[in-house]
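A short write-up of the structure that comes next.
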Amino acid sequence: MPLLPLAQLCLPPTATLHDALARLDATAQGILLVTDDQGRLLRTVTDGDLRRAALAGVGNDAPLSALPAHAPHTVSLQASQRDVLALMDAQRIDHVPVVDAEERAVDLVTRRELSQRVYLSSPHLGEDEVALVQEAFTSNWIAPLGPHVDAFERELAARVGVQHAAATISGTAALHLGLRLLGVGPGDVVLCSSLTFVASVNPIKQLGATPVFIDAEPQSWNLSPQALAVALDTLLAEGITPKAAVVVNLYGQSAEMDAIVPLLERHGVPMLEDAAESLGATYRGRPSGSFGKLAVFSFNGNKIITTSGGGMLVGNDAALIEHARKLSTQAREPTRHYEHVEDGYNYRLSNVLAGIGRGQLRVLDQRVQVRREVFAQYRDALATVPGLRWMAEPEGHRSTRWLSAFVLEGDDAQSRRDALLDFLERHNVEARPVWKPMHLQPLYAGCRYFPHAPGRDVSRALFEGGICLPSGSNMSAAQRARVCELVARGLSLSERTAA
């Protein structure tokens, strides 16, 4: 059912019962809001109220003010979805008006909405996964390793345009392996994008190294080549050569590799490309994940394709990937008995999950295309909303739009962002802020940070005003339209209540 402007559900107390009945029929929402000339909510009117009035002999020409007084059940703008549902259950009602501090009606939440959640990015299975998983069961290859794992590695490597791949239980495991294979250890310095998920950074700390964070640049939102150049020159002047650099491809879009790769090569710093969010993206025709000495992908449940949980470490150095396989199977030596010279991990992907991954990989292009369509629909529908800037797709990039993201601009960006997130959650739509930069995380307080330019912290601004909208390739047309309408309503509401 399409959302209606709240004004269409509002009537003055002087409106007649006949007016109310006609409006209820036209709006088909099951409720009307009786408001005074200041917009303050006086009461609600339902079909039941009109039916009881008719049975009591009240004429259709009587004003709504003639109905028995009935204080409305409402919540405030600070109310959560749980608060709304609790009130609905306690009062046995299906609609809850939201009022501001002056008791003005500003929103309406329905039980129908609360039963139909729109997720940020849910798994989207194709037609082949069940057959491939069944094949794993039929052959009894359900433990880690097996023919699906081998095939998934070959197929993913071919898709990305690299020679070798090792499947892991998660993208984080692949990051950990990649950093260790690049020689990262205690006392080392590792450069890392600040605007990222914490999994990009934690393995650095866990290996005993120190992260140095690099700001984003305003166009692609990815690692700033400008800040990277300053960081490299500064560290070199201090006699420090970073052991590696973790360059993150954010929200389905590659970093500016033409600028970043030469900088790192000039200083002898190998790149671990964190492509966890960007499988299927390209940069100047090359696949994301093909630029680093090593690169990682994630197949977590919310990624563009999923194995429920899983990851992949890829690269062109056969010895490194073979060593990754060894480390990920407890670093067992090739002897008859269990012989161990170095410590390892239990990081290998199961054959069952690899079967899911193979099926998912076959529909990757379709998933990318749909997510790009979701982004385009949002951008077009919200084109006239002021102060809203979408994550750009610079020349030479082809983003997967894994998550559709925009940033609100202005001094009140963070308060508007939070108000919109609260509004969407109250209507059972999952959205979230852009990643909180690592240099702002308590876990990494005190770590060095190089901004995009003096006095310009791009990552902080993107976090304070940034929002990621539902972007799943399995969203229905009605869900997409609903998100567009709710975002527009929520932003308008945040502006009115702030005024």
Side-chain angles (χ1 to χ4, degrees), residues 160 162 171-172 174-217 220-250 253-278 281 283 286 288-298 313-317 320 324 435 437-439 441 444 447-452 458-459:
V160 176
V162 298
T172 305
L175 282 161
H176 187 203
L177 286 173
L179 287 167
R180 179 167 167 182
L181 290 166
L182 293 179
V184 173
D188 288 328
V189 166
V190 177
L191 303 173
C192 185
S193 305
S194 184
L195 190 62
T196 186
F197 179 51
V198 74
S200 302
V201 189
N202 281 346
I204 300 172
K205 182 174 181 288
Q206 291 158 359
L207 287 166
T210 300
V212 171
F213 297 118
I214 311 298
D215 198 3
E217 52 92 11
S220 73
W221 297 14
N222 280 304
L223 186 142
S224 165
Q226 185 174 318
L228 176 63
V230 174
L232 287 167
D233 289 343
T234 301
L235 292 171
L236 180 62
E238 297 171 2
I240 300 171
T241 299
K243 196 70 174 182
V246 178
V247 178
V248 178
N249 299 328
L250 194 71
Q253 182 156 273
S254 176
E256 290 291 342
M257 293 301 179
D258 278 359
I260 292 170
V261 172
L263 278 172
L264 294 176
E265 289 181 345
R266 190 180 312 140
H267 290 79
V269 180
M271 178 170 67
L272 176 58
E273 188 180 357
D274 184 349
E277 301 176 3
S278 61
Y283 175 76
R286 280 184 59 180
S288 177
S290 67
F291 293 89
K293 177 74 172 179
L294 294 169
V296 302
F297 293 97
S298 171
L313 180 69
V314 306
N316 290 317
D317 189 322
L320 285 179
W435 297 123
M438 293 300 104
H439 72 280
Q441 295 286 355
Y444 292 105
C447 287
R448 297 180 74 173
Y449 173 64
F450 290 85
H452 177 67
V458 174
S459 296

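Within the structure, side chain to side chain donor-acceptor pair (under 3.5 Å) pairs that include any residue of residues 192-204 comprise Ser194-His439, Thr196-Ser200, Ser200-Asp274, Asn202-Tyr444 (at least two apart or interchain). For residues 224-245, no residue pair satisfies the ring-ring contact (aromatic ring centres under 6.0 Å, His included) rule, not counting sequence neighbours. For residues 180-209, the ring-ring contact (aromatic ring centres under 6.0 Å, His included) pairs, not counting sequence neighbours, are Phe197-Trp435. Contacts classified as salt bridge (Lys or Arg N to Asp or Glu O under 4.0 Å) and involving residues 174-197 (residues at least two apart or in different chains) are given here: Arg180-Glu342, Arg180-Asp343. Sorted by first and then second residue, the side chain to side chain donor-acceptor pair (under 3.5 Å) pairs with a member in residues 235-245 read Glu238-Arg448; sequence neighbours excluded.
Atom CD1 of Ile204 is separated from atom CG of Leu191 by 8.5 Å, given to the nearest 0.5 angstrom. The CG atom of Leu313 sits 5.0 Å away from the CG atom of Leu294 when rounded to the nearest 0.5 Å. For the atom pair Leu175 CG and Glu273 CD, the distance stands at 11.5 Å (nearest 0.5 Å). Here the SG-CD distance, from Cys447 to Gln441, works out to 11.0 Å after rounding to the nearest 0.5 Å.
Scanning for side-chain contact (heavy atoms from CB on, under 4.5 Å) contacts around Thr172 gives Ser170, Ala199, Pro203, with sequence neighbours left out. In this structure, Asp233 has no salt bridge (Lys or Arg N to Asp or Glu O under 4.0 Å) partners at least two apart in sequence or on a different chain. Residues passing the side-chain contact (heavy atoms from CB on, under 4.5 Å) test with Ala216 are Leu195, Val458, Ser459, Leu462, sequence neighbours excluded. Among residues two or more places apart in sequence or in another chain, the salt bridge (Lys or Arg N to Asp or Glu O under 4.0 Å) test is passed with Arg286 by none. Scanning for side chain to side chain donor-acceptor pair (under 3.5 Å) contacts around Glu256 gives Tyr283, His397, with sequence neighbours left out. Every residue two or more places apart in sequence or in another chain that forms a side-chain contact (heavy atoms from CB on, under 4.5 Å) with Ser298 is listed here: Ala276, Asn300, Lys303. Applying the salt bridge (Lys or Arg N to Asp or Glu O under 4.0 Å) rule to Lys293 yields the partners Asp317; only residues at least two apart in sequence or on another chain are considered.
Side-chain contact between Thr210 and Val190: absent, with no pair of heavy atoms (C-beta onward) separated by less than 4.5 Å.
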side-chain hydrogen bond (donor to acceptor under 3.5 Å, both in side chains) assessment of Ser224 paired with Asp215: CA-CA 6 Å; Ser224 165; Asp215 198 3; over 6 Å; no

Please report the C-alpha distance between Thr234 and Ile240 in whole Å, then the side-chain angles of each, then the deciding distance to 0.1 Å, and finally whether the side-chain contact (heavy atoms from CB on, under 4.5 Å) criterion is met. CA-CA 9 Å; Thr234 301; Ile240 300 171; over 6 Å; no

For the pair Glu265 and Met271, evaluate side-chain contact (heavy atoms from CB on, under 4.5 Å) and give the outcome as yes or no after the intermediate values. CA-CA 9 Å; Glu265 289 181 345; Met271 178 170 67; over 6 Å; no

Working note: Leu228 + Leu232, criterion side-chain contact (heavy atoms from CB on, under 4.5 Å); need CA distance, chi angles, decisive distance, verdict. CA-CA 6 Å; Leu228 176 63; Leu232 287 167; 3.9 Å; yes

Step-by-step side-chain contact (heavy atoms from CB on, under 4.5 Å) determination, Met438 to Val198: CA-CA 7 Å; Met438 293 300 104; Val198 74; 4.0 Å; yes

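Shortest non-hydrogen contact noted between Val184 and Ala209 is CG1-CB, 3.6 Å. Residues Pro225 and Leu263 approach most closely at O-CD1, 3.6 Å, considering heavy atoms. Of all the heavy atoms in Pro242 and Val269, the pair that sits closest is O-CG2, 3.7 Å. When every heavy atom of Ala255 is checked against every heavy atom of Asn249, the shortest pair comes out as N-OD1, 3.0 Å. Considering every non-hydrogen atom in both Pro451 and Ala227, the closest pair reads O-CB, 3.3 Å. Across all non-hydrogen atoms, the minimal contact from Val162 to Ser290 is CG1-CA, 4.0 Å.
Under a 3.5 Å cut-off, the side chain of Gln226 and the backbone N or O of Ala229 do not form any donor-acceptor pair. In this structure, the side chain of Asn222 engages the main chain of Leu250 through a donor-acceptor pair within 3.5 Å.
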